[in-house]
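Notes to accompany the following structure.
We count ligands from 1, going down the list as the structure has it; atoms in each ligand are counted the same way.
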Amino acid sequence: MQLPASVTIVEHPVVARDLTILRNKETPSAVFRPVLNRLATILAYHALDKLPLKKVSVETPIQLTDGFEIDTQVIVVPILRAGLGLVHAITQFIPEAKIGHLGIYRDEATHKPVEYYVNLPKTGLAEGTVLLVDPMLATGGSACDAINYLKNKGVKRIRFMCLIAAPEGVERVQQSHPDVPIITASVDEKLNENAYIVPGLGDAGDRIFGTG
Ligand code: PRP
Ligand code: URA
């Protein structure tokens, strides 16, 4: 089952506190990574809402009763590189998830996405549910490119999870892909002249991997 096309902004005191730690330019990668994982775990809980369930029987020590199993193959697709920082958050909840990789970077001059690596599961894309993950939704170019790619491969159910979105990116994804729900911790103010999110947290990949 699919969520209606919408944006979910997850509001919670822990989310607000963790987002502040991530935004702080003094936060080193050693702290950034575990805080990112904690915040992403909260987002993942919401991103996995309303997954289809099937009824099963389970025998407790007392008696047989009804239980549930998740009734869709979950496929996590991080947009490399920064999306890698969000994968564990999903697999904590869905250990059997398959993981596909989409390598897309944003050209620094044009701000347009460039694909450089693809490795997706060979089966189950059409029937499964893809959780496309990337910490930042800025212009929306990378997300739309990734969604187009996945749809061309036959994927029918996609959810996009990010930490911070710009209004411009949200609008672009919603206009091009109204069927793809967006789950985020914040929709920030705007993009700056370099297409960075304001106030944002800077370059997510550099902050995760310590390459800035
Ligand atoms: C960042 C980010 C998104 C993209 C968002 O990746 O992780 O993939 O930019 O920008 P957009 O919405 O304008 O496309 P980047 O290109 O810096 O690559 P990286 O993950 O390898 O650092
Ligand atoms: N990519 C990032 O990592 N941060 C931004 O603010 C915009 C694109």
Side-chain angles (χ1 to χ4, degrees), residues 7 9 18-29 31-33 35-37 39-40 43-44 47 75-90 99-120 130-152 158-178 180-212:
V7 182
I9 302 174
D18 282 354
L19 204 46
T20 306
I21 295 171
L22 298 180
R23 288 190 195 279
N24 187 341
K25 67 178 184 182
E26 305 298 342
T27 301
S29 295
V31 177
F32 195 94
R33 284 192 284 257
V35 172
L36 170 73
N37 183 54
L39 174 50
L43 295 181
I75 303 153
V76 191
V77 178
I79 300 179
L80 307 183
R81 301 173 290 172
L84 288 172
L86 306 180
V87 172
H88 181 62
I90 308 278
I99 303 171
H101 294 85
L102 269 184
I104 299 175
Y105 73 86
R106 207 171 68 146
D107 183 275
E108 281 183 13
T110 65
H111 308 137
K112 297 247 160 52
V114 182
E115 280 164 29
Y116 63 90
Y117 182 77
V118 179
N119 193 332
L120 296 173
V130 168
L131 263 290
L132 180 65
V133 296
D134 190 326
M136 309 304 272
L137 175 63
T139 65
S142 304
C144 283
D145 210 51
I147 295 166
N148 283 330
Y149 192 94
L150 292 167
K151 286 186 173 176
N152 284 335
I158 305 174
R159 301 168 181 206
F160 181 75
M161 182 179 110
C162 62
L163 293 189
I164 300 181
E168 294 89 335
V170 169
E171 194 180 334
R172 184 158 167 190
V173 171
Q174 283 200 312
Q175 287 204 340
S176 304
H177 301 288
V180 175
I182 299 170
I183 300 91
T184 186
S186 175
V187 177
D188 274 10
E189 201 183 315
K190 60 178 181 183
L191 295 177
N192 69 13
E193 59 287 1
N194 295 319
Y196 271 79
I197 301 175
V198 178
L201 53 72
D203 186 303
D206 282 346
R207 300 213 52 199
I208 295 169
F209 298 111
T211 49

Problem set entry | Close-contact set for ligand 1 against Gly141 heavy atoms, below 4.0 Å | 12 (O), 14 (O)
Exercise. How far is atom 5 (C) of ligand 1 from its nearest protein heavy atom, and which residue and atom name does that atom have?
Worked result: Met136 O, 3.6 Å
For this session: Mark up the atoms of ligand 1 that fall under 4.0 Å of a heavy atom belonging to Leu80, in ascending order.
Result: 20 (O)
For this session: Provide, to 0.1 Å, the distance between atom 21 (O) of ligand 1 and the closest protein heavy atom, together with that atom's residue and name.
Result: Arg81 NE, 3.0 Å
For this session: Would you mind running through ligand 2 and noting each atom that sits below 4.0 Å from a heavy atom of Arg106?
Result: 7 (C), 8 (C)
Exercise. With a 4.5 Å heavy-atom cut-off, do Asp203 and Met136 have their side chains touching?
Worked result: no
For this session: Using protein heavy atoms only, decide if any is under 4.0 Å from atom 1 (C) of ligand 1.
Result: no
Exercise. Say you draw a straight line from CE of Met161 to CG of Leu43; how long is it, rounded to the nearest 0.5 Å?
Worked result: 5.5 Å
Exercise. Any idea which protein heavy atom is nearest atom 4 (N) of ligand 2, and the distance to it?
Worked result: Gly202 O, 2.8 Å
Problem set entry | Residue Ala138 vicinity, atoms of ligand 2 by number, heavy atom under 4.0 Å | 7 (C), 8 (C)
Problem set entry | Side chain, backbone, both or neither: the part of Asp134 lying under 4.0 Å from ligand 1 by heavy atom | side chain
Exercise. Under 3.5 Å, is there a donor-acceptor pair between the side chain of Asn148 and the main chain of Cys144?
Worked result: yes
For this session: Please check if the side chain of Arg159 supplies one atom and the backbone of Val180 the other of a donor-acceptor pair under 3.5 Å.
Result: no
Seminar exercise, completed: So for Asp206 against ligand 1, with non-hydrogen atoms under 4.0 Å, the contacting part is neither
Exercise. Going by the order shown, which atoms of ligand 1 are within less than 4.0 Å of some heavy atom of Ser142?
Worked result: 4 (C), 8 (O), 11 (P), 14 (O)
Problem set entry | For atom 6 (O) of ligand 2, closest protein heavy-atom neighbour | Ile197 N, 2.8 Å
Exercise. Please state which protein non-hydrogen atom is closest to atom 17 (O) of ligand 1 and give its distance, to 0.1 Å?
Worked result: Asp203 OD2, 3.8 Å
Problem set entry | ligand 1 atoms in contact with Ala82 (distance to a heavy atom under 4.0 Å) | 7 (O), 20 (O)
Exercise. So is Gly140 in contact with ligand 1, going by heavy-atom distances below 4.0 Å?
Worked result: yes
For this session: Please check if any side-chain donor atom of Thr139 sits under 3.5 Å from a side-chain acceptor atom of Arg106, or the reverse.
Result: no
Exercise. So how far is it from Ile197 CD1 to Lys190 NZ, rounded to the nearest 0.5 Å?
Worked result: 13.0 Å
Exercise. Would Leu19 and Ser186 count as a side-chain contact (heavy atoms from CB on, under 4.5 Å) if you check the C-alpha gap in whole Å, the side-chain angles of each, and the deciding distance to 0.1 Å?
Worked result: CA-CA 9 Å; Leu19 204 46; Ser186 175; 3.7 Å; yes
Exercise. Which atoms of ligand 1 sit under 4.0 Å from any heavy atom of Gly205?
Worked result: 22 (O)
Exercise. Does Arg207 come within less than 4.0 angstrom of ligand 2, counting non-hydrogen atoms of the residue?
Worked result: no
For this session: Answer with yes or no whether His111 contacts ligand 1, where contact means a heavy atom under 4.0 Å from a ligand atom.
Result: no
Exercise. Checking Asn194 side chain against Tyr196 main chain: does a donor-acceptor pair fall under 3.5 Å?
Worked result: no
Problem set entry | Leu80 side, atom CG; Leu102 side, atom CG - distance, nearest 0.5 Å | 7.5 Å
Exercise. For atom 5 (C) of ligand 2, what's the nearest protein heavy atom and its distance?
Worked result: Tyr196 CD2, 3.4 Å
For this session: Could you list the atoms of ligand 2 found under 4.0 angstrom from a heavy atom of Ala195?
Result: 7 (C)
Exercise. Going from OH on Tyr149 to CD1 on Ile104, what distance comes out if it is rounded to the nearest 0.5 angstrom?
Worked result: 9.5 Å
Exercise. Do any N/O atoms on Pro135 end up under 3.5 angstrom from N/O atoms on ligand 1?
Worked result: no
Problem set entry | Minimum-distance protein heavy atom relative to atom 13 (O) of ligand 1 | Thr139 OG1, 2.5 Å
Exercise. So does Glu171 have more than 12 non-hydrogen atoms from other groups sitting under 6.0 Å from CD?
Worked result: no
Exercise. Heavy-atom distance under 4.5 Å between the side chains of Pro28 and Val31, does that happen here?
Worked result: yes
Exercise. If we only count heavy atoms from C-beta on, is the Ile208 to Pro135 side-chain gap below 4.5 Å?
Worked result: yes
Exercise. Nearest 0.5 Å, what's the CG-CD1 distance between Leu137 and Ile164?
Worked result: 11.0 Å
For this session: Output the distance between atom NE2 (His88) and atom CG (Leu36), rounded to the nearest 0.5 Å.
Result: 11.0 Å
Problem set entry | Per-residue contact class, Pro135 against ligand 2 - non-hydrogen pairs under 4.0 Å | neither
Exercise. What protein heavy atom is closest to atom 10 (O) of ligand 1, reported as residue, atom name and distance in Å?
Worked result: Arg106 CD, 3.2 Å
For this session: Look at atom 3 (O) of ligand 2 and say which protein heavy atom is nearest, naming residue and atom and giving the distance to 0.1 Å.
Result: Ala204 N, 2.8 Å
Exercise. With no hydrogens and no angle check, is any side-chain donor or acceptor of Arg207 less than 3.5 Å from a backbone partner on Thr27?
Worked result: yes
Seminar exercise, completed: Going by the 4.0 angstrom heavy-atom rule, the piece of Ala204 near ligand 1 is neither
For this session: Answer with yes or no whether Ala166 contacts ligand 2, where contact means a heavy atom under 4.0 Å from a ligand atom.
Result: no
